[in-house]
Amino acid sequence: MSDTYYVKTFGGLEITNDNVTVNIVELFGKQLVNLLQVLLFHSEKPVQKDELIDILWPESKNPSSALKFSIFRLRAELNEIEFFKDKEVIVTTRKGYILNPNLDWNIDFVELEKAYNQINDGSELLDEKEFKTARKIFRLYQGRFYASPSQLHWILQKQEIFRQMYVKTMMRTLVLCQEKGLLK
């Protein structure tokens, strides 16, 4: 079994391992999808409990219990997925919760940001190497970021940022194609 977990967040929420793809939106309820989305977005660092509460349960009368129960349920649901069996997917730290950093996560929006930063040097034209990177951006961006049952405020902001990255890359690519005479 492969050690890499490929996460697709554009146009849905799917995790793939060894050619087995699980559609998280279809499998989990809205609250668990939202919790996993926040953890994925903050995959590089722990998310503080207070931050999770502010994002997911701002109106709750007992948000600490809601958080603990949701983390418990999310861990249990993830453990039901064959490629996560007997793996600690969510780690509790003194600072909060984080996706297990010992697992190899390949998350599409992280890859898109890296690729965009490689070609975003301020110039209007792409060179040949940057064109290959732009093609990677086009493959990764597959519509709205986190198209899920719930559109939390932070998700809407990120959707717009990624859309702008895609559009700017497309515009620069069109300029390159026009300069090379590929557009008529």
Side-chain angles (χ1 to χ4, degrees), residues 3-17 20-114 116-117 140-167:
D3 291 335
T4 302
Y5 300 94
Y6 297 91
V7 182
K8 177 183 173 267
T9 62
F10 290 106
L13 183 57
E14 298 176 348
I15 301 175
T16 301
N17 177 265
V20 175
T21 299
V22 175
N23 185 325
I24 299 298
V25 174
E26 290 177 1
L27 195 61
F28 295 176
K30 174 181 145 182
Q31 196 65 49
L32 296 184
V33 168
N34 290 339
L35 177 56
L36 182 58
Q37 289 173 342
V38 174
L39 293 172
L40 283 165
F41 184 73
H42 294 91
S43 62
E44 308 273 322
K45 60 182 176 56
V47 186
Q48 294 179 358
K49 294 174 185 179
D50 289 343
E51 186 178 355
L52 283 168
I53 288 169
D54 288 345
I55 292 170
L56 299 171
W57 297 278
E59 307 295 323
S60 176
K61 295 193 186 313
N62 193 353
S64 293
S65 291
L67 174 60
K68 287 179 188 176
F69 180 68
S70 294
I71 290 288
F72 172 82
R73 283 185 41 229
L74 181 57
R75 284 177 171 150
E77 293 290 330
L78 288 168
N79 199 255
E80 291 295 316
I81 298 171
E82 186 62 37
F83 50 74
F84 284 136
K85 281 232 185 290
D86 302 323
K87 291 197 173 29
E88 184 180 23
V89 178
I90 300 169
V91 177
T92 304
T93 71
R94 288 186 297 144
K95 295 183 178 182
Y97 299 100
I98 187 170
L99 292 177
N100 190 337
N102 296 321
L103 298 177
D104 185 17
W105 298 99
N106 183 301
I107 304 171
D108 61 358
F109 71 83
V110 173
E111 295 301 311
L112 185 137
E113 284 180 309
K114 286 179 188 173
Y116 182 78
N117 290 334
L140 288 169
Y141 186 84
Q142 297 294 313
R144 290 184 354 199
F145 174 65
Y146 284 148
S148 73
S150 168
Q151 296 302 313
L152 299 171
H153 183 68
W154 70 272
I155 293 173
L156 296 174
Q157 292 172 333
K158 291 307 287 187
Q159 280 179 352
E160 182 58 21
I161 290 168
F162 291 128
R163 188 190 70 75
Q164 288 177 13
M165 287 178 180
Y166 174 81
V167 169

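Sequence positions, counted from 1, serve as the residue numbers for this chain.
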message: Would you compute the distance between atom CD1 of Ile55 and atom CG of Asp50 and round it to the nearest 0.5 angstrom?
response: 11.0 Å
For Asp86, all residues meeting side-chain hydrogen bond (donor to acceptor under 3.5 Å, both in side chains), sequence neighbours excluded: none
- prompt: Do Glu82 and Val20 come close enough that some side-chain heavy atom pair is under 4.5 Å?
  reply: no
- prompt: Can you find a pair of side-chain heavy atoms, one from Val33 and one from Leu27, that are under 4.5 Å apart?
  reply: no
field: Within-4.5 Å side-chain heavy-atom neighbours: Phe83 and Ile15
entry: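 Phe83 reaches Ile15 side chain to side chain.
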field: Residues in side chain to side chain contact (heavy atoms under 4.5 Å, CB included) contact with Lys61, at least two apart in sequence or another chain
entry: none
- prompt: Pairs in or reaching into residues 102-114: which pass salt bridge (Lys or Arg N to Asp or Glu O under 4.0 Å), with residues at least two apart or in two chains?
  reply: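 Of all non-adjacent pairs touching residues 102-114, those that pass salt bridge (Lys or Arg N to Asp or Glu O under 4.0 Å) are Glu111-Lys114, Glu111-Lys136, Glu113-Lys158.
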Asn17 (side chain) donor-acceptor with Thr4 (main chain) under 3.5 angstrom: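 Indeed, once roles are kept as given, a pair shorter than 3.5 Å links the two residues.
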message: I'd like to know whether Phe162 forms a ring-ring contact (aromatic ring centres under 6.0 Å, His included) with Tyr116, so could you lay out the CA-CA distance, the side-chain angles of the two residues, the decisive distance to 0.1 Å, and finally the verdict.
response: CA-CA 10 Å; Phe162 291 128; Tyr116 182 78; 9.5 Å; no
Name every donor-acceptor pair, under 3.5 Å, that has one atom in a side chain of residues 90-102 and the other anywhere in the protein, sequence neighbours excluded.
residue, atom, partner, partner atom, Å
Thr92, OG1, Arg75, NH2, 2.6
Thr93, OG1, Lys95, N, 3.1
Thr93, OG1, Gly96, N, 3.1
Thr93, OG1, Gly96, O, 3.2
Asn100, OD1, Asn102, N, 2.8
Asn100, ND2, Glu88, O, 2.7

field: Nearest-0.5 Å distance, CH2 of residue Trp105 to CG of residue Leu40
entry: 6.5 Å
- request: Nearest 0.5 Å please: distance from the CG atom of Leu56 over to the OG atom of Ser70.
  value: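 It comes to 7.5 Å.
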message: Testing the basics here: between Gly143 and Phe10, what is the closest heavy-atom pair and its distance to 0.1 Å?
response: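 Looking at all heavy atoms of both residues, the closest pair is O-CD2, 3.4 Å.
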- request: For residues Val89 and Leu78, report the shortest heavy-atom separation together with the two atoms involved.
  value: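 Heavy-atom minimum between the residues: CG1-CD1, 3.7 Å.
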Gap between atom CZ of Arg73 and atom CD of Gln31 - 0.5 Å precision: 8.0 Å
message: Please report the interatomic distance CD(Gln37) to OG1(Thr9), rounded to the nearest 0.5 Å.
response: 9.0 Å
- prompt: Looking at residues at least two apart in the chain, or sitting in another chain, which of them share a side-chain hydrogen bond (donor to acceptor under 3.5 Å, both in side chains) with Thr21?
  reply: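 Checked Thr21 against side-chain hydrogen bond (donor to acceptor under 3.5 Å, both in side chains); matches are Thr16.
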- prompt: For the rings on Phe109 and Phe41, is their centre-to-centre separation under 6.0 Å?
  reply: yes
query: Is there side-chain contact between Asn34 and Phe28, with heavy atoms separated by less than 4.5 Å?
result: no
Under the side chain to side chain contact (heavy atoms under 4.5 Å, CB included) test, residues paired with Glu160 that sit two or more places apart: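 Partners of Glu160 under the side chain to side chain contact (heavy atoms under 4.5 Å, CB included) test: Arg163, Gln164.
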task: Any chance you could measure Ile24, atom CD1, to Leu74, atom CG, to the nearest 0.5 Å?
output: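 So the CD1 of Ile24 and the CG of Leu74 are separated by 8.5 Å.
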- request: Determine the sole option in Pro58, Ser64, Ser60 for which the side-chain contact (heavy atoms from CB on, under 4.5 Å) test with Ile53 is passed.
  value: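 Of the listed residues Pro58, Ser64, Ser60, the side-chain contact (heavy atoms from CB on, under 4.5 Å) partner of Ile53 is Ser64.
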